[in-house]
Q: 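Dropping a structure here in structure tokens format, bear with me for questions.
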Amino acid sequence: MKKILVLGVGAQGSAAAKRLDKEPNVAEIICADYDMKAVENVVSSITKGRGVKVDAHDKDSIVAAAQGVDLILNGLPLECTKNVLDAALEVKANYQDYAGTTQLAEVWLQSELSKKEDNIPQFEEKYTTEWYYSFKAMYEIYGPKFKAIDRLALFGTGSAPGLICAATRNAMKYLDTCDTIYNIVWEGVIAKRFLPFWWSPVTALTDMSEMAVAFKDGKLINTPAFGLPMKRQYDYMDEPVTFCEHCHDEPLQYAFNAEKYFKGCKNAYFKYAGAGMDFARPLYQAGMLSRDEIVYKGHKMIPFEYALSYIPPAPKYKEEIKEIIDEGLVCDSGCMVIEAYGKKDGKDVLVETHVFAPGLVESYEKAGITAEMYLTGQGGYLFSKLFVNDQFDQKGFISSDMLSMEQVDKYFEYAAELGITLDTKVKDL
């Protein structure tokens, strides 16, 4: 029987906690956050939970909450990652993170391994360089530390990255070699009220304020934010949607793992569209997503923080979500698609995989949560379910695109029980 610490009970953590409550192999779920209202809201809705207040900026606070746990599920902001990782090592727990991180660059740069590295990608964006170094630190510094305590750390386990990475791995079944991968996401749920983001506005705008990263011709590069547009209209779309470059983990993960897990892939892109992108693009173009301090009419201000202050938080409580649905929706749609181009039996082919999942209304009817909470929280929960059912034999540090094919199959077997399914077509080119 497993004991789990869910650290951060926002949209993702709360959805996962509610699902884990139904797992026979789970004995206790410790719900931890600095916001005790959020903790109490989750604990009151499950049977195996207890709540604690944790200050994740204090490693000892995390260690105190994590005594005796088998798994720490981290749903906190990126700046807390190092504390949570170090706490997991101290209590000898497995570790799962919905995201990657940019906060371990100094750990890598101060290591002996960094002094031996050559052929470092030259990025235009400092943020991307920190991101790259942080991934190196997770794989190559923290990996051996978790292996030494016979535990596994796993990152990038929400919907994207996470579910989409498992689906991309699944697409490799249909290829002998892979040349190019597109991960394509459209957030097509639009409320009548002003609500540009269904997840953390600070996370969304942070991603949208940075240049994107892509894997092109075997090299990691920066690409322009909101750039390189491409149109797609799949069968279930009423009209074509324009997808653009967006700062996301997947191309970075696939670049690290191209040879072993992606059939020698040389190109990988993350393409994004939706109301949030439409809202953020003019802000970015106007300089309103800049983090540089300016002086306006004698007052110092940071444009990013000023813009952020006007954006409503994502809904996470059942009554809020019902109110939004009752007001009416402009659209309740979306897509998550993997296009993998390569060769099969000597022929050029496209493996086109669509991820189907409940929309907003269906997610609310099923679980009292939003579609974003459903897909990300449930996508993350499915990785947790692999943990609690002892489906992992790896030790060290891996990302969600490094599952074995047996683990991928088990993941989507679990996913189908929640109405999350794959539809894969192999098309000759």
Side-chain angles (χ1 to χ4, degrees), residues 139 152 154-186 214-215 218 232 234-236 243 248-271 335-357 375 378-387 389-394 396 398-429:
Y139 288 131
L152 175 66
L154 173 65
F155 72 93
T157 64
S159 57
L163 168 62
I164 200 170
C165 300
T168 305
R169 274 285 286 144
N170 189 76
M172 295 302 106
K173 292 178 180 177
Y174 304 93
L175 292 172
D176 295 326
T177 61
C178 181
D179 181 79
T180 300
I181 295 169
Y182 288 103
N183 279 180
I184 301 167
V185 176
W186 170 41
F215 188 46
R232 292 290 188 274
Y234 301 112
D235 293 345
Y236 44 85
F243 296 87
H248 236 246
D249 301 54
E250 289 84 350
L252 197 58
Q253 292 180 203
Y254 302 162
F256 274 101
N257 297 313
E259 291 302 320
K260 185 171 182 180
Y261 292 94
F262 293 100
K263 305 287 181 75
C265 174
K266 295 293 187 291
N267 305 279
Y269 299 87
F270 187 89
K271 297 290 188 177
C335 80
M336 178 181 282
V337 181
I338 296 90
E339 292 183 1
Y341 296 82
K343 288 187 179 293
K344 181 67 177 177
D345 298 328
K347 296 180 180 178
D348 291 328
V349 298
L350 160 63
V351 180
E352 184 180 293
T353 298
H354 295 256
V355 180
F356 289 105
L375 195 60
Q378 315 289 37
Y381 148 73
L382 293 169
F383 289 100
S384 304
K385 183 163 180 161
L386 292 174
F387 267 114
N389 288 309
D390 299 318
Q391 295 294 321
F392 286 114
D393 54 5
Q394 300 97 320
I398 66 172
S399 46
S400 52
D401 55 320
M402 296 167 68
L403 302 186
S404 69
M405 283 304 180
E406 292 76 16
Q407 290 163 342
V408 168
D409 289 343
K410 182 61 70 173
Y411 182 94
F412 286 108
E413 178 186 320
Y414 292 157
E417 298 169 4
L418 302 175
I420 300 171
T421 59
L422 300 183
D423 179 27
T424 299
K425 303 178 177 68
V426 182
K427 302 178 179 180
D428 291 337
L429 296 177

Q: Is the closest basic N to carboxylate O distance between Lys385 and Glu417 below 4.0 Å?
A: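 Answer for the salt bridge query: yes.
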Q: When you check the side-chain N and O atoms of Gln253 and Asp401, is any donor under 3.5 Å from an acceptor?
A: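 The criterion, which ignores hydrogens and geometry beyond distance, is satisfied for Asp401 and Gln253.
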Q: For Thr180 and Tyr269, test the side chains for any donor-to-acceptor distance below 3.5 angstrom and give the result as yes or no.
A: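 There is no such pair between these side chains.
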Q: Using side-chain heavy atoms (C-beta onward) and a distance below 4.5 Å, is Leu163 in contact with Tyr411?
A: yes
Q: How about Leu152 and Phe387: do any of their side-chain heavy atoms sit closer than 4.5 Å?
A: yes
Q: Name all residues meeting the side chain to side chain contact (heavy atoms under 4.5 Å, CB included) criterion together with Asp235; count only those two or more places apart in sequence or in a different chain, and write none if there are none.
A: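 So Asp235 forms no side chain to side chain contact (heavy atoms under 4.5 Å, CB included) with any residue.
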Q: I want to check something: taking the side chain as every heavy atom from C-beta on, are Tyr234 and Ile184 in contact at a cut-off of under 4.5 Å?
A: yes
Q: Walk me through it: do Asn267 and Tyr341 pass the test side-chain contact (heavy atoms from CB on, under 4.5 Å)?
A: CA-CA 10 Å; Asn267 305 279; Tyr341 296 82; over 6 Å; no
Q: I want to know whether Phe256 and Tyr139 have ring centres closer than 6.0 Å.
A: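 Close enough - the centres of the two rings lie under 6.0 Å apart.
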Q: Quick one, Phe356 and Tyr236 - any side-chain contact, counting heavy atoms below 4.5 Å?
A: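 When only atoms from C-beta onward are counted, Tyr236 and Phe356 do touch, with a gap below 4.5 Å.
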Q: With rounding to the nearest 0.5 angstrom, report the CD to SG distance, Glu259 to Cys178.
A: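 Taking CD in Glu259 and SG in Cys178, the distance rounds to 11.0 Å.
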Q: Calculate, to the nearest 0.5 Å, the distance between atoms CG and CZ belonging to Leu422 and Phe412 respectively.
A: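 CZ of Phe412 is found 4.0 Å from CG of Leu422.
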Q: Output all residues satisfying side chain to side chain contact (heavy atoms under 4.5 Å, CB included) with Ser384, sequence neighbours left out; order by chain, then residue number.
A: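 Checked Ser384 against side chain to side chain contact (heavy atoms under 4.5 Å, CB included); matches are Leu20, Leu71, Leu73, Gln96.
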Q: So how far is it from Phe270 CZ to Ile164 CD1, rounded to the nearest 0.5 Å?
A: 5.5 Å
Q: If you draw a 6.0 Å radius around NZ in Lys173, do more than 12 non-hydrogen atoms from other residues or ligands fall strictly inside?
A: yes
Q: Are any non-hydrogen side-chain atoms of Ile420 and Gln378 less than 4.5 angstrom apart?
A: yes
Q: Can you name the side chain to side chain contact (heavy atoms under 4.5 Å, CB included) partners of Tyr174, sequence neighbours left out?
A: Asn170, Val351, Thr424, Val426
Q: Got a second to check how far Leu350's CG is from Ile338's CD1, nearest 0.5 Å?
A: 11.5 Å
Q: Between atom OG of Ser404 and atom CD1 of Ile398, what is the distance when rounded to the nearest 0.5 Å?
A: 8.5 Å
Q: Got a sec: does the NZ of Lys260 have more than 12 other heavy atoms crowding it under 6.0 Å?
A: no
Q: Minimum heavy-atom separation for Asn183 and Tyr254, please, with both atom names.
A: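 Nearest heavy atoms, Asn183 then Tyr254: OD1-OH, 2.7 Å.
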Q: Which atoms form the tightest heavy-atom contact between Ala160 and Met336, and what is the distance?
A: CB-CE, 4.4 Å
Q: What is the minimum heavy-atom distance between Gln407 and Leu403, and which atoms define it?
A: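 The pair with the smallest heavy-atom distance is OE1-CA, 3.5 Å.
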Q: Is there a side-chain contact between His354 and Cys335 in this structure, where contact means two heavy atoms from C-beta onward sitting under 4.5 Å apart?
A: no
Q: Using atom types as modelled and distance alone, determine if a side-chain donor or acceptor of Lys266 lies under 3.5 Å from a backbone N or O of Gly264.
A: yes
Q: To the nearest 0.5 Å, how far apart are CZ in Phe383 and CD in Gln391?
A: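 Atom-to-atom, Phe383:CZ and Gln391:CD are 13.0 Å apart.
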Q: How close do Ala167 and Val355 get, counting heavy atoms only, and between which atoms?
A: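 Of all heavy-atom pairs spanning Ala167 and Val355, the closest is CB-CG2, 4.1 Å.
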Q: Between Phe392 and Leu154, which heavy-atom pair has the shortest distance, and what is it?
A: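 The pair with the smallest heavy-atom distance is CZ-CD2, 3.7 Å.
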Q: Pick from Asp348, Asp176, Asp428: which one makes a salt bridge (charged side-chain N to carboxylate O under 4.0 Å, His left out) with Lys343?
A: Asp348
Q: Just to verify, which of Lys427, Lys271, Arg232 counts as forming a side-chain hydrogen bond (donor to acceptor under 3.5 Å, both in side chains) with Glu339?
A: Arg232
Q: Closest heavy-atom contact between Ser400 and Pro161?
A: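 Minimum heavy-atom separation between Ser400 and Pro161: OG-C, 4.4 Å.
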Q: Can you find a pair of side-chain heavy atoms, one from Tyr261 and one from Met172, that are under 4.5 Å apart?
A: no
